[in-house]
Amino acid sequence: MLVRTLEQAQKTPRRVTAPNWESTRLLLREDGMGYSFHITTIYPGTETHIHYKHHLETVYCLEGEGEVQTLADGQRHAIAPGVMYALDRHDEHLLRARTTMRLACVFNPALAGHETHDANGVYPLLDDEG
């Protein structure tokens, strides 16, 4: 059984930061679950271009408000506590935060742990060595 707290994980390399967000990766590939699980904070007033070419992601909003916009069709969806969205087609999208948003995120395949978005919004598909 794996047991860890968010507070503990935030004090380790499992906490990854970027200009628009920070993410604490509670489960990673090395944990052997087949997916990774993260608590991610999106900073208020930001817009983040994301395109997970190698990963599928499900997101559940715990707090805050914003929107997600898929670039292929321009559709916008409001994000607020209780809203879930799944990027089931490797959807290229923009994530905008009006207020600080805390999100629970699941990635398949699991992240190695230190990934950040490249210039195209993509997480590379990394091995554990990086």
Subject >> By side-chain hydrogen bond (donor to acceptor under 3.5 Å, both in side chains) - contacts of Tyr43 (at least two apart) >> reply: Glu22

Original post:
Quick one: salt bridge (Lys or Arg N to Asp or Glu O under 4.0 Å) pairs with a partner in residues 85-97, sequence neighbours left out?
Top reply: Glu47-Arg96, Glu67-Arg96

Original post:
Where does the angle between the aromatic ring planes of Phe107 and His55 fall among parallel (under 30°), tilted (30 to 60°) and perpendicular (over 60°)?
Top reply: perpendicular

**OP:** Drop me the distance from Leu6's CG to Lys11's NZ, to the nearest 0.5 angstrom.
**Re:** 10.5 Å

**OP:** Before accepting this row, confirm whether a basic side-chain N of the pair Glu30/Arg25 lies closer than 4.0 Å to the acidic partner's carboxylate O.
**Re:** no

**OP:** Grab the two heavy atoms, one from Glu65 and one from Ala80, that are nearest each other, plus how far apart they are.
**Re:** CG-CB, 4.5 Å

Original post:
Does Val68 belong to the same Ile/Leu/Val/Met/Phe/Trp/Tyr cluster as Tyr52, with side-chain heavy atoms less than 4.5 Å apart forming each link?
Top reply: yes

Subject >> From Val59, Thr41, Val83, Ile39, residue fulfilling side chain to side chain contact (heavy atoms under 4.5 Å, CB included) relative to Leu103 >> reply: Val59

Original post:
With a 4.5 Å heavy-atom cut-off, do Leu56 and Thr58 have their side chains touching?
Top reply: no

**OP:** Provide the closest heavy-atom pair for Gly66 versus Met101 in the form atom of the first, atom of the second, distance.
**Re:** N-SD, 3.5 Å

**OP:** Measure the spacing between CZ of Arg15 and OG1 of Thr24 and express it to the nearest 0.5 Å.
**Re:** 6.5 Å

**OP:** To the nearest 0.5 Å, tell me how far His51 NE2 sits from Leu71 CG.
**Re:** 8.5 Å

**OP:** Of all the heavy-atom pairs spanning Trp21 and Ile42, show the shortest one and how long it is.
**Re:** CB-CD1, 3.7 Å

**OP:** Could you tell me whether the side chain of Asp31 and the main chain of Met33 form a donor-acceptor pair under 3.5 Å?
**Re:** no

Subject >> Student check: side-chain heavy atoms of Ile79 and Tyr85 closer than 4.5 Å >> reply: yes

**OP:** Rounded to the nearest 0.5 Å, what's the gap from OG on Ser23 to CG on Leu111? Could you check?
**Re:** 8.0 Å

Subject >> Check: Asp73 main-chain N/O paired with Thr70 side-chain donor or acceptor under 3.5 Å >> reply: no

**OP:** Quick one: pull up CZ in Arg102 and SG in Cys61 and give me the separation to the nearest 0.5 Å.
**Re:** 10.0 Å

Original post:
Which pair of non-hydrogen atoms, one from Gly34 and one from Asn108, has the smallest distance, and what is that distance?
Top reply: O-OD1, 3.6 Å

**OP:** Check the hydrophobic clustering (I, L, V, M, F, W, Y; side-chain heavy atoms under 4.5 Å; chains of links allowed) and say if Phe37 and Tyr60 are grouped together.
**Re:** yes

Original post:
Can you hop from Met84 to Leu26 via hydrophobic side chains spaced under 4.5 Å?
Top reply: yes

Original post:
In Å and rounded to the nearest 0.5 Å, what is the CZ to CG distance from Arg76 to Leu94?
Top reply: 8.5 Å

**OP:** Go through the structure and list residues passing ring pair (Phe, Tyr, Trp, His ring centres under 6.0 Å) with His93, not counting sequence neighbours.
**Re:** none

**OP:** For Pro44 and Arg98, work out which heavy atoms get closest and say how close.
**Re:** CB-O, 3.9 Å

